[in-house]
Amino acid sequence: MFQPAVNAPAGRTIKTAAYLVGAAVGVAALAAALMPQAARLLAKGPANTGHAALACTDCHREAPGTMRQQVQAKVQFWLARRDSDVAFGHGRVGNAQCVDCHAREQDSHPVHRFLEPRFAQARAELGAQSCTSCHREHTGKRVTMAATACVTCHQDLELRRDPLDVAHRELVARAEWNTCLGCHDFHGNHKRSTQTRLDAAYPPSAISDYLAGGPSPYGRELKYPTRTGAQ
Amino acid sequence: MLAPSPPRRNVRGKVALWSGILAVAAIYLFATRPAPLADGESSGRTVPIEKVFRILATENGTVRALWTADIVAAGTKSGFKFHEKWRDDDVAAGPLPALFLREAATAVQKTRVPLGLFLGSDYPIAQSNLFSGVQAEHFKRVRASGKPEFFHAPDIGRHSAMFPDVAVAPGCVSCHNEHPRSPKTDWKLNDIMGATTWCYPKDKVSLEELLEIVGALRSGFAAGYDAYLAKTKTFGRPPEIGERWPREGYYVPTREVFMREFERRASGNTVDRLLHAFDRDASAPGH
């Protein structure tokens, strides 16, 4: 059935107006989104413990080149005319951005160590070669990895001269993996002495609170403070 | 009843529109293109990563010999101490050779050059340095042949090499044999005590990249030495830091003096290997 011919121009006018309104709303939304003040609203979630004062661009750095160069390079890559892909807009956030603030001269579990070939299990099960596997950002927490993750690498632990009153091998046999962090600060960055009695270990609830962003049972004095002084 | 055929004029219009958009995009991207972004190693001649690893291992061997003999062994005779817990505030000591290497390896990470350097053994003092998995298999061959092993670790996308770590000084043997936590106490001079493992994400690099890698490693050595100098300043009796070496008494050389001596010993070999970096002859120094 045919529409009456007299309605066609009116329909086109409404359609055009809808397009214009849609375009205006789109441009306004884009402009608002690009304002620096809106940056935090665009984040996937709240900043992790100690990161609230950081600007988005402290981690999400601008990728090299102009937008046009990036588009050109991406097309060349898709056409197999260049070897490496490029980032568009902002570069991928990786360990380098974390290490910029958290580099330490001494670390009992430095992230680069997990790129040694033999740590394949830690990489497969935990993704231990990447900072964000344990410290997933925009969660509002300090640590997002389970407190019992030590089980992946330390199942064969047996100390020749065990300094603890309960042998480590006994704790391993009893699968008490929630006690590890009660004595051991994972990165070893707190100025403190490791307990030698198991009953002096911090309770698992204190550790859980700490990982979630609560107070540190290990104390506040750091061997190597971060660039911003965050705990 | 026949369905009305779509107006041919509209189809032609859409084809023309899309052709125009593609033409503009092609002009935007290719005809009036800006300078292309750098594409890593896509142009120019490249050096296989095995050759790079050999250069790095030789550099490392040189600095380890310098550290072990001229700082640790000579220093011990002059009253210096070296300890595995050297970083603790209440320990007035410097790093043992394995820990000096770790200092350098950690410092390399700050350079953004994606070079990995690790030290391990089948009889390590620290259990965390025990080889396992693919490294344990390759180390068996290193121990049997005394030659380096090259392999690819696909899960990390790293090309890797293991070079024998030899007991170059009597101190290596005595320290490991006498250490209360040592699992092996019959080491002899020139034994293969372990291996250094080197990792890099590419199978070949440009000459410029090779120079960057060597530079990063050397900056790691310098940073390791800086850490030791900083520690000596906290000693109850700080040594004099200057031109003189521990073999002359209670002295330590400055970073410049230490690195100058390292470069004197290492650079001839490294430059020779660089000059032969593009050789295909397996007997050339770069091989």
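This structure is a prediction, so every number in the text was calculated from the model and none was measured. Letters go in sequence order (proteins before strands), and every chain restarts at 1.
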Which region of B:I125, side chain (C-beta onward) or backbone (N, CA, C, O), has a non-hydrogen atom less than 4.5 Å from a non-hydrogen atom of chain A, or is it both or neither? backbone

For each of B:A107, B:P180, B:A227, tally heavy-atom pairs with chain A at distances under 4.5 Å, and name the one with the top tally. B:P180

Report yes if the distance between the aromatic ring centroids of A:Y210 and A:Y218 is under 6.0 Å, otherwise no. yes

Determine, for A:D165 against A:R197, whether the closest basic-nitrogen to carboxylate-oxygen distance falls under 4.0 angstrom. no

Go through the atoms of B:R158 and report whether side chain, backbone, both or neither lie under 4.5 Å from a heavy atom of chain A. side chain

Looking only at side chains, do B:H159 and B:D203 share a donor and an acceptor under 3.5 Å apart? no

Part of A:A73 within contact of chain B (heavy atom distance under 4.5 Å): side chain

With no hydrogens and no angle check, is any side-chain donor or acceptor of A:N178 less than 3.5 Å from a backbone partner on A:P204? no

Is B:S160 in contact with chain A via its backbone, its side chain, both, or neither, using a 4.5 Å heavy-atom distance? side chain

At a heavy-atom separation under 4.5 Å, does A:P117 approach chain B through its side chain, its backbone, both, or neither? both

Side chains of B:T196 and B:W198: donor-acceptor distance under 3.5 Å anywhere? yes

Least distance between heavy atoms, A:N48 atom then A:E137 atom: N-OE2, 2.7 Å

Over 60° means perpendicular and under 30° means parallel, so tell me whether B:F82 and B:W67 are parallel, tilted or perpendicular. perpendicular

Non-hydrogen atoms of chain B under 4.5 Å away: do they reach the side chain of A:Q70, the backbone, both or neither? both

Please classify the contact of B:T197 with chain A as side chain, backbone, both or neither, using a heavy-atom distance under 4.5 Å. side chain

The interface call for A:Q129 against chain B, heavy-atom contacts under 4.5 Å, is neither

Please determine, among B:S128, B:A105, B:G133, B:A136, the option with the most heavy-atom pairs under 4.5 Å with chain A. B:S128

Hey, does the side chain of A:T144 reach the backbone of A:C134 with a donor-acceptor pair shorter than 3.5 angstrom? yes

So what's closer than 4.5 Å to chain B heavy atoms on A:R104: side chain, backbone, both or neither? backbone

Region of A:V75 that comes under 4.5 Å of a non-hydrogen atom in chain B: side chain

Is it true that A:D185 and A:R192 have a side-chain N and a carboxylate O under 4.0 angstrom from each other? no

Salt bridge check: are A:K223 and A:E105 linked by an N-O gap of less than 4.0 Å? no

Output the option from A:D100, A:V86, A:D107 having the highest count of non-hydrogen pairs under 4.5 Å with chain B. A:D100

Ordered numerically, the heavy-atom neighbours of chain A under 4.5 Å found in residues 112-121 of chain B are B:R112, B:F118

Using a strict 4.0 Å threshold on nitrogen-to-oxygen distance, state whether B:R141 and B:E137 make a salt bridge. no

Any donor-acceptor pair under 3.5 Å from A:R174 side chain to A:E176 backbone: no

